[in-house]
Peer 1: 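I have a structure here, written as structure tokens, and I will follow up with some questions on it.
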Amino acid sequence: MKRGMIDFWVGLFVAAGIAAILFLALRVSSASSLPARSTYTLTANFENIGGLKVRAPVKSAGVVVGRVTSIDLDTQRYVARVTMAMDKHYEFSRDSSAEILTSGILGEQYIGITPGADNKMLAQGSTFKLTSSAIVLEQLISRFLFSKAEDGSSNTEK
Amino acid sequence: MRERFIAFFSGLGHPFTGALIKLGFATRFFLALLRHSPMAFIRFRLTIREIWFAGVLSVLIIAVSGLFIGMVLALQGYDTLVRFGASSSLGILVALSLVRELGPVVGALLFASRAGSAITAEIGLMKAAEQLSAMEMMAVNPMARVIAPRFWGGVISMPLLAAMFSVMGIFGGYLVGVQLLGLDPGNFWSQMQGTVDLRFDVMNGVIKSVFFGIAVSLIAVFEGFDAPPTPEGVSGATTRTVVTSALVILGLDVILTAFMFRGI
């Protein structure tokens, strides 16, 4: 094969390969982790985080506004301390509340933020005052069963 | 002390010492290859010819296999997902399995059997016909002239081929999922985009394929260079290239996956 033809085919091959990588990067995936520069960190303490994982989304009104960056246990008070990287574009008032929600019945868990009405905003490093923990399905079921059992025993006494 | 050291190793038997000697030679070969690599980039035309030989000629088998694997993934995945009413997640299943694992791994296995064996046979026959010795006689270093361009041609081709494999697989999954099984195309693409992460999934897949490219190309040129200059020697070296490459790819895959996806 002529030298020019080899160059042509190799050029086409490299272009197709780079196009394939670009397709994977732009069409198939999304850069869900926000760039490090444009974020600020907030923390929230939860009594129980259920199945929350690092990199889980933080949503407000369903819009992704940040990501969970780390989860650890506060050994002073034995609560889970969740650190979040929030998008700089979105600020929340100081009395906003954070809760752990589940998308669907068996879906992934995420942090939902309900905005408050205070004029002062949460700044870098501040903590959510109001939080509510994840709903743990086992606890719900056991509570339901116990209340049923109590109902049953009170009925037989009558 | 020295006698006891040698007696200990010769006591282990010929297969063991033979393997050690070969490993040592391969390491020395790799270092010499790296030292002569600048020539492959100064005279880039040589490398371009090898990209054509290893990469362009492998496109057809990579594209067709990718398409079929994507189609099979979609058919099998749909069968399972539809039981849980989660058939809209088919795009995620197809894209994640291709981008993370099947693209780099199956791509590298095909590359080893299509291009790696050809490189080994070519170098082995050059050695058998004493072309390499003739080059040395003319003060042309075969390392810089023959080995390095083939190695770098393979290393450059592999990630591009793996990416093409993944893209063709996703296209195959789209054909089966959307056109044949009637899933919603918007759901298929948006769920895929929402779940597949650029850094954790796509970049790790590309990194994997670079490692596989280095491994397969090194094994191919080394086995060719190391082949006994006889017809049986060359055929044995070609077989060893494919077998060793397959084992090394799968072993490396375990190690790389453990590094990349542990704890996420």
Side-chain angles (χ1 to χ4, degrees), chain A residues 1-39 51-59 62-72 83 85 102-110, chain B residues 44-45 47-59 62-63 66 84-86 89 91-92 94-96 98-100 103 107 153 156-171 173-174 189-190 192-203 205-206 209 263-264:
Chain A
M1 193 175 262
K2 271 192 204 145
R3 192 178 255 186
M5 281 311 279
I6 289 180
D7 286 2
F8 170 74
W9 283 111
V10 169
L12 200 65
F13 167 70
V14 173
I18 290 171
I21 292 176
L22 282 181
F23 178 83
L24 291 180
L26 301 176
R27 193 77 176 83
V28 174
S29 70
S30 57
S32 54
S33 352
L34 301 163
R37 282 178 289 109
S38 63
T39 59
L52 191 74
K53 299 232 164 48
V54 173
R55 294 213 295 135
V58 180
K59 294 181 182 179
V63 180
V64 177
V65 294
R67 293 265 158 199
V68 173
T69 51
S70 75
I71 299 170
D72 48 349
T83 315
T102 311
S103 50
I105 294 176
L106 298 167
E108 62 166 359
Q109 287 190 310
Y110 63 95
Chain B
F44 200 61
R45 187 158 288 285
T47 311
I48 285 182
R49 196 201 154 264
E50 298 313 324
I51 297 176
W52 177 75
F53 185 70
V56 177
L57 296 183
S58 310
V59 166
I62 288 277
F84 302 104
S89 307
I92 302 174
V94 172
L96 271 188
L98 277 164
V99 167
R100 277 187 176 185
I156 293 169
S157 303
M158 187 62 245
L160 303 175
L161 289 172
M164 287 180 200
F165 188 96
S166 300
V167 169
M168 287 309 289
I170 289 165
F171 180 63
Y174 167 80
W189 289 111
S190 69
M192 188 192 293
Q193 274 184 355
T195 310
V196 181
D197 190 277
L198 178 63
R199 199 153 44 106
F200 283 94
D201 299 321
V202 175
M203 282 318 290
V206 172
S209 61
I264 296 172

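Note that the structure is a prediction, hence the values are computed from the model and not measured. Letters A, B, ... are given to chains in the order of the sequence lines, protein chains preceding strands, and every chain is numbered from 1.
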Peer 1: Working to the nearest 0.5 angstrom, can you tell me the gap between B/Leu160 CG and A/Ile21 CD1?
Peer 2: 5.5 Å

Peer 1: Could I get the full list of side chain to side chain contact (heavy atoms under 4.5 Å, CB included) partners for B/Val56, not counting sequence neighbours?
Peer 2: A/Trp9, A/Val10, A/Phe13, B/Trp52

Peer 1: Chain B heavy atoms under 4.5 Å from A/Leu12: which part of the residue, side chain, backbone, both or neither?
Peer 2: neither

Peer 1: About how many Å separate CE of B/Met164 and CG of A/Leu24, when rounded to the nearest 0.5 Å?
Peer 2: 11.0 Å

Peer 1: Contact part of B/Ser157 toward chain A, heavy-atom cut-off under 4.5 Å: side chain, backbone, both or neither?
Peer 2: both

Peer 1: Please name the pair of heavy atoms, one in A/Arg27 and one in B/Gln193, separated by the smallest distance, quoted to 0.1 Å.
Peer 2: O-NE2, 2.7 Å

Peer 1: Among B/Ile48, B/Val202, B/Leu161, B/Ile51, which has the most heavy-atom pairs under 4.5 Å with chain A?
Peer 2: B/Ile48

Peer 1: Looking at A/Phe23, I want to see if its CZ is surrounded by more than 12 non-hydrogen atoms of other residues, nucleotides or ligands under 6.0 Å.
Peer 2: yes

Peer 1: Which residues pass the side chain to side chain contact (heavy atoms under 4.5 Å, CB included) test with B/Ala95, sequence neighbours left out?
Peer 2: A/Val28, B/Ile170, B/Met192, B/Val196

Peer 1: Using every non-hydrogen atom in the two residues, find where B/Ala163 and A/Gly17 come nearest and quote the distance to one decimal.
Peer 2: CB-O, 4.2 Å

